[in-house]
Enquirer: 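Here it is, the structure, as C-alpha cells.
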Amino acid sequence: MAIRIVRLGSERASNEGLRIGTVRRPPRGVPKARFASENWYDVWFPNLAPSLETMKQAQAAETPAQWNAFVRKYRAEMATPENSHAIALLAALSHGTDFSVGCYCEDESHCHRSLLRTLLAAQGAKLA
C-alpha cells in the first residue's frame, strides 16, 4: 500500500489505485466523462493545488529565488487547518490502500507535486 506521485494524463502503473487530481483546473478540452478513461484523474481534489495566484507565481518562476518564493507561499497555503488535515488523511490512508496524486506539469522538480510529496512524507505517508 502506498501513494504514487504522478503526472496526470500519463499511463497508469499497475496497482496504482485511485488517481486524485490535485490541480486547480480540469484538463482543457476533455469531457468530464473521459477524465478517468484518459488517465487524467478519477477524483478531482483542488484543495491541495496552489491557489490561482500562487500557481501563476510558480509558472512565472525563472530563478531559484522566484521558485523559493513560490515554495514558501504554497507551504503556507498547505499549512491551513483544512489543507493540513487533508494531507494527514492522505498520509494515513497510504498505509491501507494504493492511490496516486498528481498534476499536469511535465517536470516534477518544478511543480507543486514535488512539494506535496515532501509534505506527505513529513506526515508519515508511505510513498511508492
Enquirer: Would you sort out whether Glu108 and Leu116 count as a side-chain contact (heavy atoms from CB on, under 4.5 Å), showing the intermediate values?
Expert: CA-CA 10 Å; Glu108 182 179 328; Leu116 189 52; over 6 Å; no
Enquirer: Main chain of Lys126, side chain of Ser94: is a donor-acceptor contact present, judged purely on distance under 3.5 Å?
Expert: yes
Enquirer: Is there a side-chain contact between Tyr74 and Ser51 (heavy atoms, below 4.5 Å)?
Expert: no
Enquirer: Give, for atom NZ of Lys56 and atom CZ of Arg24, the distance between the pair rounded to the nearest 0.5 Å.
Expert: 12.0 Å
Enquirer: Should Phe99 and Val6 be counted in the same cluster of Ile, Leu, Val, Met, Phe, Trp and Tyr side chains packed under 4.5 Å apart?
Expert: no
Enquirer: How many angstroms lie between OH in Tyr104 and CZ in Arg113, if you round to the nearest 0.5 Å?
Expert: 12.0 Å
Enquirer: For a quick test of reading the model, state the closest non-hydrogen atom pair linking Arg4 to Ala128 and the distance between them.
Expert: CG-CB, 3.6 Å
Enquirer: Please determine whether side-chain contact (heavy atoms from CB on, under 4.5 Å) holds for the pair Leu48 and Val101, giving the CA-CA distance in whole Å, both sets of side-chain angles, and the decisive distance to 0.1 Å.
Expert: CA-CA 10 Å; Leu48 298 183; Val101 297; 5.8 Å; no
Enquirer: Is it the case that the side chain of Thr97 and the backbone of Leu93 share a donor-acceptor pair, with hydrogens and angles ignored and the cut-off at 3.5 Å?
Expert: no
Enquirer: Please name the residue in the list Arg7, Arg34, Arg12 that meets the side chain to side chain contact (heavy atoms under 4.5 Å, CB included) test with Asn39.
Expert: Arg12
Enquirer: If I take atom CE from residue Met1 and atom CG from residue Asp98, how far apart are they, to the nearest 0.5 angstrom?
Expert: 5.5 Å
Enquirer: Would you indicate whether the side-chain heavy atoms of Gln66 and Gln57 approach each other to under 4.5 Å?
Expert: no
Enquirer: One pair to check against side-chain contact (heavy atoms from CB on, under 4.5 Å): Thr63 and Asn68. What are the steps and the verdict?
Expert: CA-CA 9 Å; Thr63 67; Asn68 289 335; over 6 Å; no
Enquirer: Would a hydrophobic clustering, with Ile, Leu, Val, Met, Phe, Trp and Tyr connected at side-chain separations under 4.5 Å, put Phe45 with Trp40?
Expert: no
Enquirer: Look at the aromatic rings of Tyr41 and Trp44 and report parallel, tilted or perpendicular, splitting at 30° and 60°.
Expert: parallel
Enquirer: Look only at the side chain of Asn83 and the backbone of Ala79, and say whether a donor-acceptor pair between them is shorter than 3.5 Å.
Expert: no
Enquirer: In Å and rounded to the nearest 0.5 Å, what is the OG to CG distance from Ser114 to Leu119?
Expert: 9.5 Å
Enquirer: Within the 4.5 Å heavy-atom criterion, are Phe35 and Asp42 side-chain neighbours or not?
Expert: no
Enquirer: Let me check something: do Met55 and Val71 share a hydrophobic cluster, defined by ILVMFWY side-chain heavy atoms less than 4.5 Å apart, either directly or through other members?
Expert: no
Enquirer: Do you reckon Val43 sits in the same ILVMFWY cluster as Val30, going by side-chain contacts under 4.5 Å, direct or chained?
Expert: no
Enquirer: Side-chain contact test, heavy atoms from C-beta onward, threshold under 4.5 Å: evaluate it for Cys103 versus Cys111 and give yes or no.
Expert: yes
Enquirer: Quick check: do Thr22 and His112 have side-chain heavy atoms less than 4.5 Å from each other?
Expert: yes
Enquirer: Can you measure from CD (Glu82) to CD (Glu77) and round to the nearest 0.5 angstrom?
Expert: 11.5 Å
Enquirer: Taking atom NE2 of His110 and atom CZ of Phe70, what is their separation to the nearest 0.5 Å?
Expert: 8.0 Å
Enquirer: The test is side-chain contact (heavy atoms from CB on, under 4.5 Å); show your working for Leu18 and Ile20 and say whether it passes.
Expert: CA-CA 6 Å; Leu18 184 76; Ile20 301 169; 4.1 Å; yes
Enquirer: Is Ser10 close to Arg19 at the side-chain level, that is, under 4.5 Å between some pair of heavy atoms?
Expert: yes
Enquirer: Give me the atom names and distance for the closest heavy-atom approach of Met78 to Ala49.
Expert: CE-O, 4.0 Å
